[in-house]
Enquirer: 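This is the structure I want to talk about, given as structure tokens.
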Amino acid sequence: MAGLRYKILNALAQTKGFVSGQQLAESCGVSRTAVWKHIQALRSAGYQIESTTNRGYRLVETETWHPQRLPEMVSGEVGSVVMRLQTTTSTNQVAKAAARQGAPHGTVVVADEQQGGRGRRGRTWSSPQGGIWVSIILRPRLLLQEVPLITLLAAVATCEAIREITQLPCKIKWPNDIVINGRKLAGILTELAAEQEAVEFCVVGIGINANVELSQLPSDLENTATTLLAECSGRIDRQLLLTAVCDGIDTWLHRVETSDWTDLLLAWRQLNATLNRRVIIYPAADDRLAFTGVAVDIDQYGALLVQKDDGAITRVTAGDVSIRNTGG
Ligand code: BTN
């Protein structure tokens, strides 16, 4: 039911003017009465939707941000419990504490801004107002060695959601940066708690530079980062995007839990911006061990396979990748 609400909202958001009840009913495969009921539910979730007898429905607001209403929007477990914070240090920290206290699978911690946002490799993550700063608690039924793949799964779900909502042809830079024209739009930080061979929980922290002005980002990111606001013609509906991210993670997680990782790795490969490119690898342990080569593939555990200039293939499990502009 909730997924239908999202479908209707997305159809309205994609259209500037009115969409008839009949059109909505046909595209969603439900009756006009059902459409009307979902429109009522969306209104009570904070959306301003105008309706006229002859023309149908029109979304009035360009952005609605009521993340606490996420449970009414999502289709599955991810996002069915929400902790909404105006400001915090880091949503990953809050989510880890909540998970230790027993917060259920799918709980989402979302903040309007973070004062101590954390990135990969101990970096800080600038998190001003307007972005999507979210951490998702997952209790996946997976083997410990499969867990690194959760990061790739989150990257696929985030990239697909941004593409769906904004139509921007963004891509994934290994392992999990979402980029457009070589600039970073979003990043993912996954943290794990395990006991013996079992995963207790993992926290997937996702930061999307959504309705953020470029001038709100630190000046040292000027040439490497971008925002949806800078790339799209207007502000995007963060609630819709967050719903799409949650639904994407939920769907992919069910697929890998009940089948295997083949489709997910295929989707990652299709969306990637790293394979077949000449790259410089900065291994996690030590930047001084940097080396160049061609990124040839990822393996079944999500590690990047890089062919060095002497022909040897090296398996990279953690670190940073810099994509060279020129081939050869
Ligand atoms: C990266 O370095 O690319 C990962 C960035 C992850 C940022 C997100 S924002 C929400 C969550 N809370 C944090 O402190 N970090 C993650």
Side-chain angles (χ1 to χ4, degrees), residues 1-11 13-14 28 67 69-82 91 95 105-110 131-142 146-180 185-190 202-210 228 232 236-273 302:
M1 265 321 194
L4 208 57
R5 219 159 279 169
Y6 162 76
K7 255 186 168 176
I8 292 173
L9 190 59
N10 201 22
Q14 307 270 334
C28 298
R69 303 258 167 83
L70 202 60
E72 296 162 46
M73 303 287 295
V74 295
S75 314
E77 286 171 290
V78 177
S80 58
V81 177
V82 174
T91 53
H105 170 81
T107 300
V108 163
V109 179
V110 56
I132 298 178
W133 321 124
V134 61
S135 298
I136 302 172
I137 299 170
L138 299 176
R139 298 184 184 276
R141 293 184 299 267
L142 295 173
E146 292 177 297
V147 170
L149 289 162
I150 289 274
T151 297
L152 271 65
L153 183 152
V156 167
T158 305
C159 190
E160 287 179 337
I162 296 176
R163 282 174 165 242
E164 184 186 345
I165 303 299
T166 67
Q167 321 297 321
L168 283 179
C170 55
K171 294 195 164 172
I172 306 170
K173 179 164 149 305
W174 186 90
N176 52 8
D177 288 353
I178 310 299
V179 295
I180 179 113
L185 267 177
I188 297 166
L189 174 69
T190 307
C202 76
V203 166
V204 179
I206 305 173
I208 306 176
N209 299 332
L228 292 178
C232 303
I236 57 116
D237 188 325
R238 284 180 291 168
Q239 194 158 310
L240 206 52
L241 179 52
L242 181 55
T243 306
V245 170
C246 289
D247 282 354
I249 291 180
D250 196 85
T251 306
W252 276 115
L253 199 56
H254 275 286
R255 275 171 86 169
V256 301
E257 281 176 344
T258 52
S259 171
D260 59 24
W261 291 86
T262 314
D263 288 347
L264 188 276
L265 292 176
L266 205 65
W268 189 94
R269 285 188 184 97
Q270 277 166 358
L271 290 168
N272 95 89

Enquirer: Output yes when a side-chain donor or acceptor of Asp250 lies under 3.5 Å from a complementary backbone atom of Glu77, and no otherwise.
Expert: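 Side chain of Asp250 to backbone of Glu77: a pair is present.
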
Enquirer: Quick check: do Val81 and Pro71 have side-chain heavy atoms less than 4.5 Å from each other?
Expert: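 No - every pair of side-chain heavy atoms lies 4.5 Å or more apart.
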
Enquirer: Would you say Leu241 and Ile132 make side-chain contact, with heavy atoms under 4.5 Å?
Expert: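 Answer yes - side chains close enough.
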
Enquirer: Are Ile249 and Ile206 close enough that some pair of their side-chain heavy atoms sits under 4.5 Å apart?
Expert: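 When only atoms from C-beta onward are counted, Ile206 and Ile249 do touch, with a gap below 4.5 Å.
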
Enquirer: Looking only at heavy atoms, which two atoms of Met73 and Asp247 are closest? And how far apart?
Expert: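 Between these two residues, the closest heavy atoms are O-OD2, 4.5 Å.
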
Enquirer: Taking the side chain from Glu257 and the backbone from Arg141, do they hold a donor-acceptor pair closer than 3.5 Å?
Expert: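 At least one qualifying donor-acceptor pair exists.
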
Enquirer: Which value, rounded to the nearest 0.5 Å, describes the distance between Asn209 atom CG and Leu228 atom CG?
Expert: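 CG of Leu228 is found 7.5 Å from CG of Asn209.
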
Enquirer: Do Leu138 and Val78 have side chains that approach each other closer than 4.5 Å (heavy atoms only, starting at C-beta)?
Expert: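 Yes, their side chains come closer than 4.5 Å.
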
Enquirer: Looking at every non-hydrogen atom in both residues, tell me the closest pair between Gly302 and Leu152 and how far apart they are.
Expert: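 Residues Gly302 and Leu152, closest heavy atoms: CA-CD2, 3.8 Å.
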
Enquirer: Return yes if some donor-acceptor pair links the side-chain N/O of Asp260 with the main-chain N/O of Thr262 below 3.5 Å, else return no.
Expert: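 Pair found, side chain donor or acceptor close to backbone of Thr262.
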
Enquirer: To check you understand the geometry: which heavy-atom pair defines the closest contact between Cys170 and Cys159, and what is its length?
Expert: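 Closest pair (atom of Cys170, atom of Cys159, distance): O-SG, 3.4 Å.
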
Enquirer: Is any side-chain heavy atom of Thr151 less than 4.5 Å from a side-chain heavy atom of Val204?
Expert: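 No, their side chains stay 4.5 Å or more apart.
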
Enquirer: Working to the nearest 0.5 angstrom, can you tell me the gap between His105 NE2 and Leu253 CG?
Expert: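 It is 5.5 Å, given to the nearest 0.5 Å.
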
Enquirer: Using the side chain to side chain contact (heavy atoms under 4.5 Å, CB included) rule, pick out the option among Ile178, Val245, Ile236 that qualifies with Ile162.
Expert: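 In the set Ile178, Val245, Ile236, the residue that makes a side chain to side chain contact (heavy atoms under 4.5 Å, CB included) with Ile162 is Ile178.
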
Enquirer: If you measure from CG on Leu271 to CD1 on Ile172, what distance do you get to the nearest 0.5 Å?
Expert: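 Result: 4.5 Å between the selected atoms.
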
Enquirer: How far apart are the closest heavy atoms of Ala244 and Tyr6, and which atoms are they?
Expert: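 Closest pair (atom of Ala244, atom of Tyr6, distance): CB-OH, 3.4 Å.
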
Enquirer: Decide side-chain contact (heavy atoms from CB on, under 4.5 Å) for Ile208 and Leu185; before the verdict, give the C-alpha distance in whole Å, the side-chain angles of both, and the deciding distance to 0.1 Å.
Expert: CA-CA 6 Å; Ile208 306 176; Leu185 267 177; 5.7 Å; no

Enquirer: Can you name the closest pair of heavy atoms from Ser135 and Thr91 and give their distance?
Expert: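 Residues Ser135 and Thr91, closest heavy atoms: OG-OG1, 2.7 Å.
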
Enquirer: Supply the atom-to-atom distance Thr243 OG1 to Glu164 CD, rounded to the nearest 0.5 angstrom.
Expert: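 Going from OG1 on Thr243 over to CD on Glu164, the span is 10.5 Å.
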
Enquirer: Give the minimum heavy-atom separation between Arg238 and Ala210, together with the two atoms involved.
Expert: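 Minimum heavy-atom separation between Arg238 and Ala210: CG-CB, 4.0 Å.
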
Enquirer: Quick check for you: to the nearest 0.5 Å, what is the distance between Trp252 atom CH2 and Ile150 atom CD1?
Expert: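 Output value for this atom pair is 13.0 Å.
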
Enquirer: What is the distance from atom CG of Leu265 to atom CG of Asn272, rounded to the nearest 0.5 Å?
Expert: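 Interatomic distance, Leu265 CG to Asn272 CG, rounded to 0.5 Å: 11.5 Å.
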
Enquirer: Counting N and O atoms only, with roles assigned by atom type, does the side chain of Asn176 sit under 3.5 Å from a partner on the main chain of Ile188, one being a donor and the other an acceptor?
Expert: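 Yes; at least one donor-acceptor contact below 3.5 Å.
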
